[in-house]
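Please read the structure below before turning to the comments.
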There are 2 protein chains.
Amino acid sequence: MANPRPYSGLIERLKAVGLRPTRQRLALAKLLFGPGNRHVSAEQLHGEAVGAQVRVSLATVYNTLHQFTAVGLLREVVVEPGRSYFDTNTSHHHHFFCEEDRNLVDIPGEELKVEKLPRPPPGTTVTEVDIVIRVRKNPGLEG
Amino acid sequence: MANPRPYSGLIERLKAVGLRPTRQRLALAKLLFGPGNRHVSAEQLHGEAVGAQVRVSLATVYNTLHQFTAVGLLREVVVEPGRSYFDTNTSHHHHFFCEEDRNLVDIPGEELKVEKLPRPPPGTTVTEVDIVIRVRKNPGLEG
DNA sequence: CATTAGTTTTAGAATCATTCCAAAAACATG
DNA sequence: CATGTTTTTGGAATGATTCTAAAACTAATG
Ligand SMILES: [Mn+2]
Ligand SMILES: [Mn+2]
Ligand SMILES: [Zn+2]
Ligand SMILES: [Zn+2]
């Protein structure tokens, strides 16, 4: 009946980064690291967990997202004030962001290159380059 | 004693964009559009106003910043969750951002170019390209 | 298996930037 | 000055996030 490998690999993956594979962390990891990459907010993920019968508090979702981010399983993306998104794609890449439907879409690394990175201010070192291409839905023709 | 032209040009500038030059708006404009470009948060600007003996509510500062942004006198910059910055430099340019001291620095347009802008998702049009180069203060050697 | 110490989760309060509201003030016009 | 409109404002409301201290859980030990 029950899936024989409900957390295939996830337990090892958590252990590998030094996080105990608790029920909550496993359930959230399962939601996050399923097929395909995702960009979710804390509230969103909490909603999905609740919807999937997983009992977990919002505080734990925040804790877990930050822990996952700290160990490199997630990346935090800031595109609008007030809300953070967590990205399961931790490779170097950039984003399209549609403010209308708050949708984040990955831009494959090769499709966007920066030429001539400027020298950072004296006494500082570059830690990251974030490019957000903001888009608007075309008028008319909508489904 | 008092400066003979305390709001040189500002009144006309506000009228030109269809905003009444009220006491509050003039005072805020004066703080914002003095020499040099600035990146300020609402709380920051409110603090400056209060410090300059200008009586203005925080609500009005928010209203004014958004109005100025709507008419193109300012640009809103999002680099961290929870807080918006307003940029007096409305020309196309990008930013360095130091998370440690929350300092935003302009990158002149010429010093940074994007090659091969990717095609936006079907049904959307690009409205803006925002590049944030995050930096960290170098360890040691500090004053 | 029972004890114990350390870790994780949790509900609920607290924070903080921002927005909302309805009343007061300022302004423009006749 | 009278009147209608725009602005300002204090204070309440919102919403995401963080904090707190207590409860639940785990691992290790005897
Ligand atoms: Mn965070
Ligand atoms: Mn805004
Ligand atoms: Zn992404
Ligand atoms: Zn700028």
Side-chain angles (χ1 to χ4, degrees), chain A residues 7 10-11 14-15 17-31 39-50 52-71 73-74 76-87 97 99 102 104, chain B residues 7 10-11 14-15 17-31 39-50 52-71 73-74 76-87 97 99 102 104:
Chain A
Y7 298 114
L10 288 181
I11 296 182
L14 290 185
K15 281 183 183 168
V17 294
L19 291 174
R20 279 197 199 164
T22 64
R23 174 176 63 76
Q24 291 85 337
R25 295 209 269 237
L26 277 173
L28 295 177
K30 190 174 170 193
L31 288 171
H39 304 90
V40 290
S41 69
E43 298 271 5
Q44 233 174 84
L45 182 61
H46 183 245
E48 289 182 21
V50 169
Q53 317 292 334
V54 178
R55 282 179 44 265
V56 60
S57 72
L58 185 54
T60 295
V61 172
Y62 275 103
N63 288 341
T64 303
L65 285 173
H66 283 134
Q67 290 158 350
F68 284 9
T69 301
V71 300
L73 291 178
L74 291 176
E76 193 171 352
V77 182
V78 180
V79 286
E80 55 180 355
R83 191 196 317 301
S84 268
Y85 291 90
F86 293 86
D87 190 344
F97 180 62
E99 330 224 354
R102 296 184 155 166
L104 264 179
Chain B
Y7 297 115
L10 289 181
I11 296 182
L14 289 185
K15 281 184 182 165
V17 295
L19 290 175
R20 283 196 196 163
T22 64
R23 172 174 66 73
Q24 291 82 339
R25 295 208 268 236
L26 277 172
L28 294 177
K30 189 174 171 193
L31 289 171
H39 303 90
V40 290
S41 70
E43 298 270 7
Q44 232 173 84
L45 182 59
H46 182 246
E48 290 183 20
V50 169
Q53 316 292 334
V54 177
R55 282 180 44 265
V56 60
S57 72
L58 184 55
T60 295
V61 172
Y62 275 103
N63 288 341
T64 302
L65 285 173
H66 283 134
Q67 290 158 351
F68 284 9
T69 301
V71 300
L73 292 177
L74 292 176
E76 195 171 351
V77 182
V78 180
V79 286
E80 54 179 355
R83 191 197 313 303
S84 267
Y85 291 91
F86 294 87
D87 190 344
F97 180 63
E99 330 223 355
R102 296 186 154 165
L104 265 177

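Below, each value reflects all heavy atoms present in this structure, side chains not excepted, and no hydrogens, waters or symmetry copies. Letters A, B, ... mirror the listed sequences (proteins, then strands); counts begin at 1.
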TODO: Evaluate side chain to side chain donor-acceptor pair (under 3.5 Å) for A/Q24 paired with A/R55, printing each intermediate quantity in order.
DONE: CA-CA 8 Å; A/Q24 291 85 337; A/R55 282 179 44 265; over 6 Å; no

TODO: For A/L45 and D/dT17, give me the distance from atom CG to atom P, rounded to whole Å.
DONE: 12 Å

Open item on the list: Is A/H46 close enough to D/dA16 that one of its side-chain N or O atoms is under 4.0 Å from OP1 or OP2 there?
Closed with: no

Task: Check: A/Q67 and A/N63 side chains under 4.5 Å, non-hydrogen atoms - done: yes

TODO: Name all residues meeting the salt bridge (charged side-chain N to carboxylate O under 4.0 Å, His left out) criterion together with B/R83; count only those two or more places apart in sequence or in a different chain, and write none if there are none.
DONE: B/E80

Task: Note, A/F68 side chain near A/V17 side chain (heavy atom, < 4.5 Å) - done: no

Open item on the list: Measuring only between side-chain heavy atoms, which start at C-beta, is B/R20 closer than 4.5 Å to B/L14?
Closed with: no

Task: B/L104 and B/V79, any side-chain heavy atoms less than 4.5 Å apart - done: yes

Task: Side chain proximity check, A/E48 to A/V40, heavy atoms < 4.5 angstrom - done: yes

Open item on the list: Do A/F86 and A/T69 have side chains that approach each other closer than 4.5 Å (heavy atoms only, starting at C-beta)?
Closed with: yes

Task: Under 4.0 Å protein heavy-atom contacts per nucleotide of nucleotides 3-12 of chain C, with B for base, S for backbone only and - for none - done: ----SSSBB-

Open item on the list: Could you tell me how far apart B/L65 (CG) and D/dT8 (C1') are, to the nearest whole angstrom?
Closed with: 15 Å

- [ ] Using only side-chain N and O atoms of A/H66, determine if any of them is under 4.0 Å from OP1 or OP2 of D/dT18.
- [x] yes

Open item on the list: So, OP1 or OP2 of D/dT18: does either fall under 4.0 Å of a side-chain N or O from A/Y62?
Closed with: no

Task: Relative orientation of the end axes in the helix from C/dC1-D/dG30 to C/dG30-D/dC1, expressed as an angle to the nearest 10° (five pairs per end) - done: 10°

Task: Closest to the A/E43 side chain, choosing from D/dT17, C/dT19, C/dA17 - done: D/dT17

